[in-house]
Amino acid sequence: MKKIGKKVTAALLLMLSISFAACGTKEPAAPETPETPSTIGEGLFTPGTYEGTAKGYHGDITLTVTVDENNILEIKSEHTETEGLGDKAVATLTEAALEKASLSMDLVSGATYSSQGFLAALEAALVKAGADVEKLKIKETVEVEKKDQEFDTEVAIIGGGGAGLAAAVSAHQNGAKVLLVEKMPNVGGNTIISGSAFNAVDPKRQSAQGIEDSVEKHFQQTYEGGDKQGDPELVRVLVENAYPTIEWLESLGMKFTDKVFTVLGALWPRSHKPVEPLGTGYVNTFMNYINEHKDDITVLTEVEAKELLVNADGAVTGFLAEGKNGKITVNAKNGVIVATGGFGANVEMRDQYNTIWPKLTNIKTTNHRGATGDGIIMAEKVNASIVQMENIQLLPMGDPVTGSLSGNIEQGVENRIFVNAEGNRFVDEGARRDVMTKALMEQTDSMMWVIVDKHSYPTGDTVNNFNETIDSLVKEGRAYKADTLEDLAKQIGVEPENLVKAVEAFNASVDGAEDEFGRTLFMDKLDTAPFYAGKRVPTVHHTMGGIKITPETRVVDQNGEIIKGLFAAGEVTGGIHGSNRLGGNALADVHTFGRIAGATAASEGK
C-alpha cells in the first residue's frame, strides 16, 4: 500500500516527475476511525481516517485518508492503474491533495480516467469526514511570471513517445547533444499504453518453438498486408532492422520473454513480449539511459512545439514552442527530428482525411489524448510531403466504454474465437485488422465477445497483455466466467446452442478440419473450464499516413527534394504500412526508425 505523508522533499517531487515505478500494492484497507463526532466547528474536517472508492481506468481506486481539523495528513492508495501513467497520476494528485487539502487539482493530462477516479475517491472519503466539498473544489488563482527561454543543442526532438526517446538515445550514442520536448506532462506517448508486441524475425526464439520464419516472409506479409501501398524501400528497412533493434534494446538493459506469439492482426508468430507490463519496458529503458546522461540529454515536458524554424537556404534550424511559463526557442545545429505520433485522437483530422470507413466522429480511440497530428501539421507548413492520410486503422478490440485496449482478454490469436450478439462466429480471427473490423461493423450493434478458456488463464491471477488479472476483470464486470459454455452464454446474453456449436467447430479445425472462415492459426482447443468472455467494439488505433521520409528518415518536400535538417520517425510518418498495419509492426517501426533518425541527425554536418 502506498503511503505518502504531509512533508515531501524536493528530491521526491523530482523523482515523481521522471519515475515510472508502480504505485499501489495491495493491502487490506484501514477501517474508518473518526476520532470525534461528525461536526466540524471551525475546521475543514472531522479528524479521523476515512475510506473512499471510485472507478479509475483499470478498476476501482480506493483511498484511505487521514485528516486533522484542517489538513490531509496521509493518503494510502490501492489501485491497479496503468504503470507509468495512471499510477503516476495517482501519485501526482496525492501530493497535490496533501499540499493544499483541496479538491481543486487539475486532471493529469493523458490519464483522465485515473485522475477522475482519484478525485472521486478522495471526495467520497472527505464527505465522510464532514467536509464542504464544493468549497474544496474552488480553485485558487495563482499568477505565474512568464519568462521566455532559448536553448541551443545539436539534435532537437519533438515528441517523447517511443520514436522520440529512441532517437534521443541513438543520437547521443552517435555523439550528439540532444534536447527533447514533449507536450504532455509525461513521456511515453502511445508506446507506454500499448500492448507492447514487437514483431521481428528471431531465429533463436522462433526455432526453439518450432516456428519457421524469414525476413522475406515478414517483408511479404507487411507489404501485401498493406495492399502493396507501402514504400518497398521503407518496408525493407523495417523488416531487416527489427531484430537488430531488439538486440539494441537488450544492450540497453531491456528484457523480453523467451517465447514469441501472434498478436492480433500480425498474421504470423513473431511478436515479442517485454518482461515489464504494457510499454513501460521500452520507456523505462530509454529513461534510464537518459537519466544517466542528463548532462548531454535534456527532456522538457509540458512544452508544445508550434512552428519549425527555417533559414534562408530552406534548412530547418530549430523550432518555436510554448511552455507553462513562457515561449521557448530551440536552436538545433544538426536539425530537428519530428516524432509526435499520429492523429488518432484528433476527431476533426480523422473526419477530414477518412475516405475508407463509415464516419469516425463517434468512434473512440486507443490513442492517448496527445495524438493529435501536430507534427504533420507543422511539417506540412514547411512544404513537407504528406502521404496516404486516408489510411486509418481500426481495431475490433476496443473497450466498450473507453475505446482503449485495456480489458482485452485475448492472450494471442491462436487460442480464442470471436462471436457476435447471437453467439455465432463471423470472421477469420487470424485475418488482417481491417478485415476483422469491417466484419465486426456488420454485426448486431457492432459488438462481439472474445471467448477463451483455461489455456489462456491457468489461474485467476494470470494477467492479460495489459497487466490486468482475469479475476479482477471478472470482479469489475468487464469479463465473464463460467464452468460451462451454456452458463457463459446465458451470462453474456447469447444463444447457448450457437455458442456451443461455434466452439465445437473451432475445436474440429484445431484437429485439422477445414475452417469455415479459412482460418489457419490454431493452437489449443477451447475445451477446458473455466471459460471466459469479454465484450469488444471497433476503435481507432493507428494512422498510417503522415510525413514522407527516405530510408534514412530525412523528410522529403512536395517536389521530391530532401528538406535539410528535418527528420521524422514513428507514427508521424506515412508510406510504410500502406492501407493496413500488421499487428506488432508499430513498435518495431517506431523504435527502428527512431534509432535510425537519431543516428542520421547526429551525423548531419560531420
Side-chain angles (χ1 to χ4, degrees), residues 155-159 161-168 170-171 174 176 180 189-191 219 222-223 226 228-242 244-245 305 308 310 314-316 319 332 334-343 353 371 373-391 542-579 581 585-604:
V155 174
I157 301 169
I158 306 174
L165 294 174
S170 176
N174 284 276
L180 179 150
N190 277 338
T191 294
F219 174 87
T222 299
Y223 185 54
K228 299 182 179 181
Q229 292 184 27
D231 182 330
E233 279 192 282
L234 297 179
V235 176
R236 183 66 64 183
V237 171
L238 171 63
V239 299
E240 290 183 351
N241 288 278
T245 299
L308 293 168
V310 181
V316 172
F319 57 85
N334 293 27
V336 176
I337 300 172
V338 179
T340 52
F343 56 95
Y353 290 105
D374 306 358
I376 296 172
I377 296 169
M378 281 187 285
E380 193 169 25
K381 288 181 179 178
V382 297
N383 203 40
S385 179
I386 307 299
V387 297
Q388 299 183 2
M389 292 291 284
E390 71 280 4
N391 289 336
H542 194 99
T543 51
M544 283 81 73
I547 302 169
K548 185 175 182 179
I549 60 171
T550 70
E552 298 81 25
T553 73
R554 300 180 188 277
V555 174
V556 176
D557 71 14
Q558 295 178 22
N559 297 315
E561 301 295 326
I562 290 171
I563 299 177
K564 184 174 175 57
L566 187 59
F567 314 87
E571 196 174 343
V572 75
T573 65
I576 297 174
H577 304 286
S579 61
R581 178 180 64 74
N585 269 5
L587 292 179
D589 167 6
V590 302
H591 293 108
T592 293
F593 283 98
R595 182 188 181 198
I596 293 171
T600 303
S603 68
E604 191 78 349

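Note that these values count all heavy atoms, side chains included, but never hydrogens, waters or copies made by symmetry.
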Colleague: Report the C-alpha distance between Glu604 and Val155 in whole Å, list the side-chain angles of each, state the deciding distance to 0.1 Å, and finish with yes or no for side-chain contact (heavy atoms from CB on, under 4.5 Å).
Modeller: CA-CA 9 Å; Glu604 191 78 349; Val155 174; over 6 Å; no
Colleague: Check for a donor-acceptor pair, side chain of Ser170 on one end and backbone N or O of Ala599 on the other, with a separation under 3.5 Å.
Modeller: yes
Colleague: Quick check for you: to the nearest 0.5 Å, what is the distance between Thr245 atom OG1 and Arg595 atom CZ?
Modeller: 5.0 Å
Colleague: Does a side-chain heavy-atom distance below 4.5 Å link Leu165 with Leu180?
Modeller: yes
Colleague: Using a 3.5 Å distance criterion without hydrogens, assess whether the side chain of Asp231 forms a donor-acceptor pair with backbone atoms of Glu233.
Modeller: yes
Colleague: Donor-acceptor check, side chain of Thr573 to backbone of Gly570, threshold 3.5 angstrom: yes or no?
Modeller: yes
Colleague: To the nearest 0.5 Å, tell me how far Lys564 NZ sits from Asn334 CG.
Modeller: 9.0 Å
Colleague: Nearest 0.5 Å please: distance from the OG1 atom of Thr191 over to the CD atom of Glu571.
Modeller: 9.0 Å
Colleague: side-chain contact (heavy atoms from CB on, under 4.5 Å) between Phe593 and Asn241: does it pass, once the steps are laid out?
Modeller: CA-CA 9 Å; Phe593 283 98; Asn241 288 278; over 6 Å; no
Colleague: Output the distance between atom CZ (Phe319) and atom CE (Met378), rounded to the nearest 0.5 Å.
Modeller: 8.0 Å
Colleague: Could you tell me which non-hydrogen atom of Ile576 sits nearest to which non-hydrogen atom of Val235, and how far apart they are?
Modeller: O-CG2, 3.3 Å
Colleague: With rounding to the nearest 0.5 Å, note down the distance linking CD1 in Ile547 to CG in Asp557.
Modeller: 12.5 Å
Colleague: Please round to the nearest 0.5 Å and tell me the distance separating atom OG1 of Thr550 and atom CD1 of Ile596.
Modeller: 9.5 Å
Colleague: Please tabulate, for the side chains in residues 381-390, all donor-acceptor contacts under 3.5 angstrom to protein atoms that are two or more places apart in sequence or on a different chain.
Modeller:
from   : atom 1 : to     : atom 2 : distance (Å)
Gln388 : OE1    : Asn391 : ND2    : 3.4
Gln388 : NE2    : Gln229 : O      : 2.8

Colleague: For Val237 and Thr592, which heavy atoms make the closest approach, and how far apart are they?
Modeller: O-CG2, 4.2 Å
Colleague: Within the structure provided, determine whether Leu308 and Ile158 are in side-chain contact (heavy-atom separation under 4.5 Å).
Modeller: yes
Colleague: Please give me the minimum heavy-atom distance between Val572 and Ala339, naming the atom from each residue.
Modeller: CG1-CA, 4.3 Å
Colleague: Quick one: ring pair (Phe, Tyr, Trp, His ring centres under 6.0 Å) partners of His542, sequence neighbours excluded?
Modeller: His577
Colleague: Can you give me the closest heavy-atom contact between Ala569 and Ala597, atom names plus distance?
Modeller: CB-CB, 4.0 Å
Colleague: Tell me the closest heavy-atom pair linking Thr543 and Phe343, and the distance in Å.
Modeller: OG1-N, 3.2 Å
Colleague: Within a strict 4.5 Å, meaning less than it, do heavy atoms of the Val316 and Phe567 side chains meet?
Modeller: no
Colleague: For Ala371 and Asn190, work out which heavy atoms get closest and say how close.
Modeller: CB-ND2, 4.3 Å
